[in-house]
Structure formats: C-alpha cells, structure tokens
Participant: 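Before I ask anything, let me first share the structure, which is written out below as structure tokens.
Excluded from the calculations below are hydrogen atoms, water molecules and symmetry mates; all remaining heavy atoms, backbone and side chain alike, are included.
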Amino acid sequence: MPNQKGCARNLLQKIFFFSCQNSLHSLSNCRNLSHVFIQRRAYVDVYMDWKKDTYFESIESIHRSIELKPIIALKNCIVSASPQDYCIPISAVSKRGLELGIPFKVARFLRKYPSFFEEFEGPKYNLPWFKLTPTAIQLDKEEREVYEEHKNDIVDRLKKLILMSVGEQKVLPLKVIQGLQWYLGLPDEFLRHPESNLDGHFRIVEMGDELKGLAVGSDGNDGAMMSILQQNAMKKGVYAGGEREAIVFPLFPSKGLRLKRKISDWMNEFQRLPYVSPYEDSSDLKMDSDLSEKRVVGILHELLGLFVEHAAERKRLLCLRKCLGLPQKVHKAFERHPHMFYLSLRNKTCTVILKEAYREKSAIEAHPIANVRKKYINLMKESEIILKSRRVNNRATKNEANVNMKDLDCMDDDMTECCLRWNWHYCTQNVVATFTFNSPHEFFLGSCRT
C-alpha cells in the first residue's frame, strides 16, 4: 500500500510537471502575438459614476450650436434665393419649418433674432418680408471665403470619415453624410451637387434600394492614413509607425472624479493594449474583447476630432454604428471612459465632448469654420439685447401713456368741479346772467338769494 501511494504521487507530479512545461512553451510562442493572447481575456464590466464638470457645461460654442443651426439654415435660404438683395417674403419659407429644424412658426423664429433678420413690408399686399442685416451679410461673406481658402482641409476631413467605414469599397451613404454635415462643417451646396463640387476626390456609388453612397475616388486615395492619436504619438517620439503598437490615450480626469482600485487597474491594463487604427482592417478582432473596445474608443476619438466643435449629440453618432462596424451598445464606451469623453445633458439632449480638444488644444487642430461660428454666436447674443431693450422701451412707453391719461382725467375732473363750484348760470326768458363766487359757501348763498 505505501508503494502504491508513492507511485501514484510520483505519477501526479510528472503529469503536473509536463502540463506546466507545455503551458510555458505555448506562452513563449505567443509572446510576440500579445494581441492574440489578450483577446482571450474576459470582458470586464466597469461602471463609473457621472460627474458634472462646470467647465464643459459652459462652452457656448457647443451648447449654443443647436440653436445656431436653424439660423444658419435660414440665412443660407435667403442668400440662395436672393444673392444680391438678401431678402425674401415670409411665404418663401413659412412652410419649411420642419426641413430647417425650426420647432415653431418661421415668422416668429425670424422675429426672435433681429440681429440676423430685419423685417419690413413688402411691395405688394403689405406682406412681411425679411432681409439679412449688414453684420449677417458680412459674416456670410467671411464664411464663404473660409470655405474657399480651406477647401482641401474640409475635403480631407470628409475623406477620413469615409475611409473609417467597414468593407472593401469604403462607402458611406449620402444620407448619413448629410446628417453629419453640420458637424463636419460642410457647406450646403457641397452635397447638393456632389458631382460638380467634389471633383475627382470622391465618386458616387449605387448601394442598392435606390440608395446612393459616397466613396473616395482614385485622386483622393493617397495610401495609408494616420489617425490624430498616431500623429501626436509620433511627434512625442513614443510611436514608430508600425501596426498595432501600444499607444496610450490621453486622459483628463474631472475634478472630484475618483476611480476605484479595480477600475484603475483595469484602466492601466487597457492603456497597455495595442492601438488599432480606425483606418485598418479589424475583422480579426473579437467583439467582446478589450482590444475590440480599444478600437471602438479609437474610432470615437478620431471621429470627434474631425468635427467642428469636437462634440456631437450622442444620438447622431449612433447612426454610424453599422457603417463603422461599431457594437450595438457603443454608447457604453462613453460611460466607461469618462477621462476621455464628457457627457453633457444640457438642451434636453445628451452631447458627447472630446476632452482632449479643450484641455490640450495644441493636440487637435481646430476646424477652419470654428472661428466663424463663434462670431455667429456673438451676433446671436446681440438679438437678446435688442429684444430686451425693446421690451423695456415698450414698458416705459405704456407707463408714460398711462400717466398722461391719468393726468388728462384729473384735469377734466378739476375743470368740471371748478365749473360746478365757482360758476352758476341763471337763465330767464330772454336774459342770461353769470355770477362768479370766491368760495363754495358764497356760491350756495348766492344761489339761494337768487
């Protein structure tokens, strides 16, 4: 019995030794394929509390762009309808409220912004007409000059968006691009006639079901494309230009936001993972792995870096889910990485903001049209001042009119009382006599004597 136990113990030791030796041998073979090994790790379910940041909540260029969008749409309608006089009748846009994104009557909306639109009576039937103010005309000309000078930059941003799409053809539906037109800073006529405006950089592709798409043409395909994160890492000397090298995302924690030990350890491991460029093929990645999540975060980082305000409504980004190969619950990436993205709940919507664009402004190049939009927002603020001064003037005018009416009423009462008190007319058959008294008492006595 002791010999049998010893033999069994020796047999188990040999089996354990050989199994450990095989596992070490497999690990040594996979040390150069770290991304293959990491994909086998289980997905860590991380939940982080939302913390309000007053700095990002107070950026006017982001939160007032929703209000500015229909104003620019109306301004473009007036310019395209009357490029010389910059004026139109209200009937030309009164039924286009939904198309322009106006939630109420167009005439009321135009009167809400007197710094942009000036109202006057038309030549016929006294109908209301609206024209652009001189300041709005000047800003419109400045905006068109920016589009002409920086056309190549705007085209490159659209090209990068298309090259992030999945598939061999790299095509995005025109409807999707039109939905992101405001965020990309594209002019209205840019996609209205794409054949003439896009030159040879792009081509129109039939996607089936009467759906047209936009693809990068032969003139616009310059080979491999580098993301913003790769360019910044190369400038700092931490990236050599190879495929799937480990690149760390820049983190900007908000004040008062503390991570638990478990989440902090997971974040450190996440940062050490290889970086998958949004412009390279990722069909070999597993959807439920941390490496796939790093690709998703990289796509969202690059996408927001292309936009004008480096921010967008979260629901607008969800329409790119199928086109960019994003998971169904892509919105969780914003919640799991609050050091990179900030979620604002202003304007009754959820807006995603890329923190790096505002905390380290030199890292991401500003959009050419961003400065012009800030000037539009300043002009929009002048409308509030004009309307407030009008309300004050109207209130003062009404008060003055009320005071004058009261004075007139008091004067009439005094005159009537004086006539009744001091004057008394005595009439006979052919003689009219008037008696004047110095006091009501004399008036009463005189009337009694008479």
Side-chain angles (χ1 to χ4, degrees), residues 31-39 150-166 170 183-185 201 216 219-253 267-285 289-312 320 324-326 333-334 336-337 339-342 352-368 370:
R31 65 179 181 272
N32 296 326
L33 299 174
S34 59
H35 63 279
V36 176
F37 174 71
I38 290 170
Q39 287 188 74
H150 301 276
K151 183 178 180 181
N152 293 332
D153 188 359
I154 296 173
V155 168
D156 288 341
R157 292 172 186 267
L158 178 59
K159 186 196 308 180
K160 287 182 177 181
L161 176 63
I162 295 175
L163 291 176
M164 280 194 286
S165 60
V166 295
K170 300 289 183 181
Y183 301 110
L184 290 169
H201 297 283
V216 178
D219 297 343
N221 195 355
D222 301 331
M225 190 77 67
M226 290 184 64
S227 66
I228 298 174
L229 201 63
Q230 288 174 325
Q231 294 175 5
N232 294 335
M234 187 171 287
K235 291 178 183 178
K236 296 177 182 178
V238 296
Y239 175 63
E243 287 188 8
R244 299 194 179 182
E245 292 186 23
I247 299 179
V248 176
F249 286 107
L251 304 179
F252 302 91
M267 181 64 69
N268 294 333
E269 293 182 7
F270 180 83
Q271 291 281 50
R272 289 194 291 266
L273 293 177
Y275 174 75
V276 183
S277 174
Y279 306 107
E280 68 176 88
D281 184 25
S282 59
S283 57
D284 59 323
L285 300 180
S289 63
D290 287 343
L291 187 60
S292 177
E293 183 179 355
K294 190 161 186 177
R295 170 191 170 268
V296 172
V297 174
I299 290 176
L300 297 174
H301 182 279
E302 182 74 8
L303 186 63
L304 293 173
L306 299 177
F307 291 167
V308 178
E309 291 90 9
H310 307 298
L320 293 168
L324 303 185
L326 301 175
F334 303 120
R336 289 165 60 88
H337 300 275
H339 292 349
M340 282 184 279
F341 309 106
Y342 179 76
V352 184
I353 305 173
L354 182 62
K355 287 188 171 183
E356 185 182 5
Y358 294 92
R359 292 298 188 185
E360 191 177 350
K361 296 183 180 180
S362 60
I364 299 178
E365 184 180 359
H367 197 283

Participant: Distance check, rounded to the nearest 0.5 Å: Leu354 atom CG versus Leu303 atom CG?
Facilitator: 10.0 Å
Participant: Tell me the closest heavy-atom pair linking Leu324 and Leu161, and the distance in Å.
Facilitator: CD2-O, 4.4 Å
Participant: Can you see which heavy atom on Leu285 is nearest to which on Ser292, and at what distance?
Facilitator: CD1-CA, 4.3 Å
Participant: To the closest 0.5 Å, what do you measure between CG (Asn232) and CE (Met226)?
Facilitator: 9.5 Å
Participant: Under 3.5 Å, side-chain donor or acceptor atoms of residues 360-368 against the rest of the protein: list the pairs with distances, not counting sequence neighbours.
Facilitator:
{"residue": "His367", "atom": "ND1", "partner": "Ile369", "partner atom": "N", "Å": "3.1"}
{"residue": "His367", "atom": "NE2", "partner": "Leu184", "partner atom": "O", "Å": "2.9"}

Participant: Say you draw a straight line from CG of Leu163 to NZ of Lys159; how long is it, rounded to the nearest 0.5 Å?
Facilitator: 7.5 Å
Participant: Please tabulate, for side-chain N and O atoms in residues 235-243, each donor-acceptor pair with protein atoms closer than 3.5 Å (sequence neighbours left out).
Facilitator:
{"residue": "Tyr239", "atom": "OH", "partner": "Gln230", "partner atom": "NE2", "Å": "3.3"}
{"residue": "Tyr239", "atom": "OH", "partner": "Gly242", "partner atom": "O", "Å": "2.8"}

Participant: Okay, side chain of Lys294, backbone of Leu273: is any donor-acceptor separation there less than 3.5 Å?
Facilitator: yes
Participant: Is there a donor-acceptor pair under 3.5 Å between the side chain of Glu309 and the backbone N or O of Ala370?
Facilitator: no
Participant: The criterion is side-chain hydrogen bond (donor to acceptor under 3.5 Å, both in side chains); which residues satisfy it with His310, sequence neighbours excluded?
Facilitator: none
Participant: Quick one, Met164 and Met225 - any side-chain contact, counting heavy atoms below 4.5 Å?
Facilitator: no
Participant: Side chains of Phe249 and Gln271, heavy atoms from C-beta outward: is any pair under 4.5 Å?
Facilitator: yes
Participant: Would you name the heavy atoms of Leu304 and Ala312 that are closest together and state the gap between them?
Facilitator: CD2-N, 4.2 Å
Participant: Excluding sequence neighbours, so at least two apart, what forms side chain to side chain contact (heavy atoms under 4.5 Å, CB included) with Pro250?
Facilitator: Leu229, Phe252, Glu356
Participant: When rounded to the nearest 0.5 angstrom, what is the spacing between OH in Tyr342 and CZ in Arg359?
Facilitator: 10.5 Å
Participant: Provide the closest heavy-atom pair for Ile247 versus Ala233 in the form atom of the first, atom of the second, distance.
Facilitator: CG2-CB, 4.0 Å
Participant: Could you pull out the closest heavy-atom pair between Gly298 and Pro278, with the gap in Å?
Facilitator: O-CG, 3.8 Å
Participant: To the closest 0.5 Å, what do you measure between CZ (Arg244) and CG (Leu291)?
Facilitator: 6.5 Å
Participant: Less than 4.0 Å between a side-chain N and a carboxylate O, is that true for Arg157 and Asp153?
Facilitator: yes
Participant: With Phe341, which residues qualify under ring-ring contact (aromatic ring centres under 6.0 Å, His included), at least two apart?
Facilitator: Phe334
Participant: Output all residues satisfying ring-ring contact (aromatic ring centres under 6.0 Å, His included) with Phe270, sequence neighbours left out; order by chain, then residue number.
Facilitator: Trp266, His337
Participant: Kindly give the heavy-atom pair with the smallest separation between Leu251 and Met340, and that separation in Å.
Facilitator: CD2-CG, 3.8 Å
Participant: Working to the nearest 0.5 Å, report the span between CD of Glu302 and CG of Leu300.
Facilitator: 11.0 Å
